[in-house]
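Computation of the quantities below employed the complete heavy-atom set of this structure, encompassing side-chain atoms and omitting hydrogens, waters and symmetry-equivalent molecules.
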Amino acid sequence: MTLTFIIILALLGLVCLLIEILIIPGIGFAGIIGTAATIGGVYLAHTEYGGTTSTCLLVGEMLLLALLCALLWNSTIRRRLSLNTKIDSHVNDQPSSISVGDTGIAITRLNLFGKAQFPQHGYIEVKALSFIDQGTPVKVISTDNNTILVDKA
């Protein structure tokens, strides 16, 4: 094996490891191939050229990997690949204007939770004190945070 082939194998391993670290996180195909190529390059250098060459190759690979990780981490490439959007929506927003005493109709069967329709507010998810069948009139008993407690009217 020539030294050029061993260096190319080691650099190919570094490229695969960089792809695994910066683009495809986790233990995947690129990480396994990169680790195998890096270890294979050091092993071939040790068997063909001795301990000094393999040590120099190993130290050089580690320094190059650290330098490339630092450079790519602060680059615009990583910022382009990263998800930077902010989620401003909320789940289960209940109207704040619903109050105790409002009446409506159970749209679904209220097995402790379900949907009810209130004329002023539309369809709202509610919590019932007991099981209430679909189509039964309901009345708001209390509102707590995002939970609206209803009972049969």
Side-chain angles (χ1 to χ4, degrees), residues 5-46 54 57-153:
F5 175 75
I6 294 172
I7 291 173
I8 289 173
L9 182 65
L11 290 176
L12 177 69
L14 284 179
V15 168
C16 287
L17 285 175
L18 281 173
I19 289 171
E20 183 72 25
I21 291 170
L22 297 173
I23 297 174
I24 314 169
I27 299 174
F29 184 72
I32 294 170
I33 295 296
T35 303
T38 303
I39 292 172
V42 172
Y43 175 75
L44 288 174
H46 183 72
S54 65
L57 181 64
L58 180 62
V59 169
E61 282 183 344
M62 290 180 0
L63 290 175
L64 189 60
L65 182 63
L67 177 69
L68 288 175
C69 278
L71 289 175
L72 289 175
W73 186 257
N74 294 323
S75 71
T76 57
I77 295 171
R78 183 190 60 86
R79 288 186 198 99
R80 287 182 193 161
L81 292 174
S82 298
L83 179 63
N84 295 320
T85 57
K86 292 183 180 179
I87 300 173
D88 296 331
S89 63
H90 299 280
V91 176
N92 197 15
D93 279 344
Q94 301 290 348
S96 60
S97 61
I98 196 159
S99 59
V100 175
D102 286 350
T103 58
I105 297 173
I107 299 300
T108 62
R109 183 164 190 253
L110 302 181
N111 293 332
L112 299 183
F113 281 96
K115 292 237 181 229
Q117 181 181 16
F118 294 91
Q120 310 89 342
H121 309 292
Y123 298 100
I124 298 174
E125 185 177 52
V126 295
K127 180 179 179 181
L129 289 175
S130 61
F131 297 113
I132 299 174
D133 286 329
Q134 180 180 357
T136 306
V138 293
K139 182 178 179 181
V140 176
I141 295 174
S142 71
T143 59
D144 217 14
N145 294 339
N146 272 343
T147 304
I148 299 170
L149 188 63
V150 297
D151 198 11
K152 292 180 185 177

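Contact between A30 and C16 at its shortest, heavy atoms only, is O-CB, 3.4 Å. Taking both residues in full, the closest heavy atoms of F118 and V126 are given as CE1-CG1, 4.0 Å, listed atom of the first, atom of the second, then distance. Across every non-hydrogen atom of G13 and A37, the tightest pair is CA-CB, 3.7 Å. When all heavy atoms are compared, the tightest approach of G114 to T108 is CA-OG1, 3.5 Å. Shown here for F131 and K152, the closest heavy-atom pair between the two residues is O-CE, 4.1 Å. Residue V150 comes nearest to I141 through the heavy atom pair C-CD1, 4.0 Å, listed as atom of the first residue, atom of the second, then distance.
Between atom CG of residue L112 and atom NZ of residue K127 there is a gap of 7.5 Å, rounded to the nearest 0.5 Å. To the nearest 0.5 Å, atom CD1 of residue I39 and atom CG of residue L58 are 9.5 Å apart. How far OH of Y43 is from CG of L57: 15.0 Å, rounded to the nearest 0.5 Å. The line from CG of L149 to CG of L129 is 4.5 Å long, rounded to the nearest 0.5 Å.
Between L17 and the options L12, I33, T38, a side chain to side chain contact (heavy atoms under 4.5 Å, CB included) holds for only T38.
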(request) Step by step, work out the side chain to side chain contact (heavy atoms under 4.5 Å, CB included) result for S99 and T143. (result) CA-CA 7 Å; S99 59; T143 59; over 6 Å; no
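Contact of the L14 side chain with the L68 side chain is not registered, since no non-hydrogen atoms from C-beta on lie closer than 4.5 Å. Two residues are said to be in side-chain contact when any heavy atoms from C-beta on lie closer than 4.5 Å; V140 and I98 meet this criterion.
Judged by distance alone, the side chain of T136 and the main-chain N or O of A106 form no donor-acceptor pair under 3.5 Å. Checking side-chain atoms of Q134 against main-chain N and O of I107 turns up a donor-acceptor pair under 3.5 Å.
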